[in-house]
Amino acid sequence: MIKVTLKGGVVKEFEKGTTAMEIAKSLGMGLYKAACVCKIDGKVADLRTPLENDCSLEILTFDDPDGKWALRHTASHILAQAVKRLYPEAKLAIGPAIDNGFYYDFDVDVPFTPDVLEKIEAEMKKIVKEGLPLEKYELDPDEAVKMMADKGEDFKVELIKEHSDKGEKISFYKQGEFNELCAGPHIPDTSRVKAFKLTSCTGAYWRGDSKNKMLQRIYGTAFTKKEDLDAHLAAIEEAKKRDHRKLGKELGLFTIMDEGPGFPFFLPNGMTLRNTLIDYWREVHKRYGYVEISTPMMLNRALWERSGHWDHYKENMYTTVIDDTDFAIKPMNCPGGMLVYKLQPHSYRDLPLRCGELGLVHRHELSGALHGLFRVRCFTQDDAHIFMTWDQMKDEIKNVVRLFDEVYSVFGLTYQIEVSTMPEDHMGDEKDWNFATETLKTAVTEMGKDFVINEGDGAFYGPKLDFHLSDSLGRTWQCGTIQLDMQLPERFELEYTGPDGEKHRPVMIHRVVLGSIERFIGVITEHFAGAFPIWLAPEQIRILPIADRHHEYANSVREKLEAMGMRVTVDERSEKIGYKIREAQLHKIPYMLLVGDKEIEDGTVSVRKRGEGDIGARDVDSFAADALADIKSKKIW
């Protein structure tokens, strides 16, 4: 008999060789039917795995990330099996699970049109209905190569040969007639993939290299319940409507042209939105005790060598030669900030010194990675570098988190904090790392906030807090970060004079709250579906005169509202009022003011509010007072 420690610390005895699946069944049919994979002593494994020794066992369902991953990985195998049944000449590449779904790459002459995807889906449903068990087996490398070569699976042969020199056996999974090169783990059988959908097909180079063959990649997603699948697909459709690239074009915010891939052009409405966001950034940072600096966009090679970027980041930097000296356009603002600190001597009385910078940085991103404003080649980092003593660290972290709280709440964004700890390739004393990491944890704990640990994912120069924002669709975005840095102050020999009269090395915080102005505009465009709060809206009020004779009054109202600081336009086109209203609705204008004979006679405006429709006639002053109150409070509606 062996002792198995279950969830909650419960210990039970089972016959040696009992599988995790059998144990799940003994614990209850509900758990057995929902089980996807298991964890044995913390390692994810198939439910068919026999337990040979005392161990801890956790049964994982689709609600667990590893269970979700296994089910979707199995769905990718079902997809590959379906394609091979329908198109035996197709060659298989790879098919992993990914966030929110799975994909598989194929080399086949048949174009995977929407009609073809429907046929493949139908075949997948047959495979699910067959309830084929997924059975793991292993072959020697030579046997594995021969089996795949005999099937004409050139891509699989290439993958096997890369591992054959290690002398390890090669792992496969069999489901019916289908054999797939795979390390697993997988769910027990195909019948558990109860709800799935193939969502799209795109081109993809083998191994992501443009020098290799172009393959067809089918994307899909899978769930255990149809209602969850339907909800997910509905969310995808809603996300398409909110796509910031689509809304950016419709609302005149930004564009990206062939003449500059990855380099966004901001249009008049986009500049108004951008400048309003920056004005708010400056107002908040002034209240929190920051000074603003600006450092050059291009600096010489010696600086980047000193900071470490020339050796570790050069492939992502744009470089040039000036007067026979190598220069680089800055990919980040930090080294320039170090030079600013060194310009004058500092005392402990000057610290903490909080320097904010809206710095335009450039990074060479691969063309295939570019995506609207989310992944660009130039962007404005809302950076700050805080220089402090070690004993100021905890209070400064709290101060930054309070700033983050204020900013994110203005946009209706919630967040989860992730603490990233010391990586293997870290620099500096482990004792300093432990102190800094514990200080990060203590600071957020004392503020009553929860966090998760991201083990070993800190920067090489220090641990960090990452803030993962959740938008109105429940999607997460990594925007804010607080990074402790014990290394750049050392590299740049930064100093301050302590109360003892001696020179000391400050510690530094790198932090961004928005991440980048461009990316954050993309995030909030999708979060608000382009219907920005009135304080942010590029056009806050549109006045709609019913006929030409009402233009003079309309413009007098506009002048009055503009004098109060509001952004107002008049639609003077000779169009019917219904058409003008629809146009304003499409442009998501917060307020429409209709003016006609009655409004002129009464000295009023007829108000339509976004999301509410007609709210009646108002005199201009009382309307303006309410609108200004919403703008000042940054109210979301």
Handout entry: Derivation of the side chain to side chain contact (heavy atoms under 4.5 Å, CB included) call for His364 and Arg377
Key = CA-CA 6 Å; His364 178 59; Arg377 286 172 170 157; 4.2 Å; yes
Are the side chain of [X] and the backbone of [Y] linked by a donor-acceptor contact shorter than 3.5 Å?
| X | Y | value |
| --- | --- | --- |
| Gln175 | Glu180 | no |
| Asp382 | Gly515 | yes |
| Glu365 | Leu370 | no |
| Gln381 | Met332 | no |
| His527 | Ser472 | yes |
| Asp243 | Arg245 | yes |
| Arg363 | Asn316 | no |
| Thr190 | Ile127 | yes |
| Thr481 | Asp466 | no |
| Arg610 | Lys588 | yes |

Presence of salt bridge, [Y] and [X], under 4.0 angstrom:
| X | Y | result |
| --- | --- | --- |
| Arg85 | Glu130 | yes |
| Glu237 | Lys240 | yes |
| Arg48 | Asp46 | no |
| Lys146 | Asp150 | yes |
| Lys464 | Glu418 | no |

Practice task
Give, for atom OG1 of Thr221 and atom NZ of Lys197, the distance between the pair rounded to the nearest 0.5 Å.
Solution key: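 Thr221 atom OG1 to Lys197 atom NZ measures 12.0 Å (nearest 0.5 Å).
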Over-ring placement of [X] relative to [Y], 6.0 Å and 45° cut-offs:
| X | Y | value |
| --- | --- | --- |
| Lys68 | Phe62 | yes |
| Arg274 | Phe532 | no |
| Arg217 | Tyr103 | yes |

Classify the ring geometry between [X] and [Y] as parallel (under 30°), tilted (30 to 60°) or perpendicular (over 60°).
| X | Y | answer |
| --- | --- | --- |
| Trp206 | Phe155 | tilted |
| Phe254 | His244 | parallel |
| Tyr408 | Tyr415 | perpendicular |
| His186 | His73 | tilted |
| His77 | Tyr173 | perpendicular |

Practice task
Determine whether the side chains of Gln81 and Glu177 contain a donor N or O and an acceptor N or O closer than 3.5 Å.
Solution key: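 Distance-only check passes for Gln81 and Glu177.
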Exercise for the section: Return yes if a side-chain donor-acceptor contact under 3.5 Å exists between Asp115 and Thr113, otherwise no. Expected result: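 Judged by distance alone, the side chains do not pair up.
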Is it the case that more than 12 heavy atoms not belonging to [X] sit under 6.0 Å from its [atom1] atom?
| X | atom1 | value |
| --- | --- | --- |
| Lys136 | NZ | yes |
| Asp450 | CG | no |
| Lys16 | NZ | no |

Heavy-atom side-chain contact between [X] and [Y] under 4.5 Å:
| X | Y | answer |
| --- | --- | --- |
| Lys7 | Leu27 | no |
| Thr61 | Asp64 | yes |
| Asn269 | His587 | no |

Exercise for the section: Measure centre to centre between the rings of Phe106 and Tyr104, then say whether the value is under 6.0 Å. Expected result: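 Under 6.0 Å, so yes.
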Exercise for the section: Please say which of Asp105, Asp154, Asp109 ends up in a salt bridge (charged side-chain N to carboxylate O under 4.0 Å, His left out) with Lys91. Expected result: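 For Lys91, the salt bridge (charged side-chain N to carboxylate O under 4.0 Å, His left out) test succeeds with only one of Asp105, Asp154, Asp109, which is Asp154.
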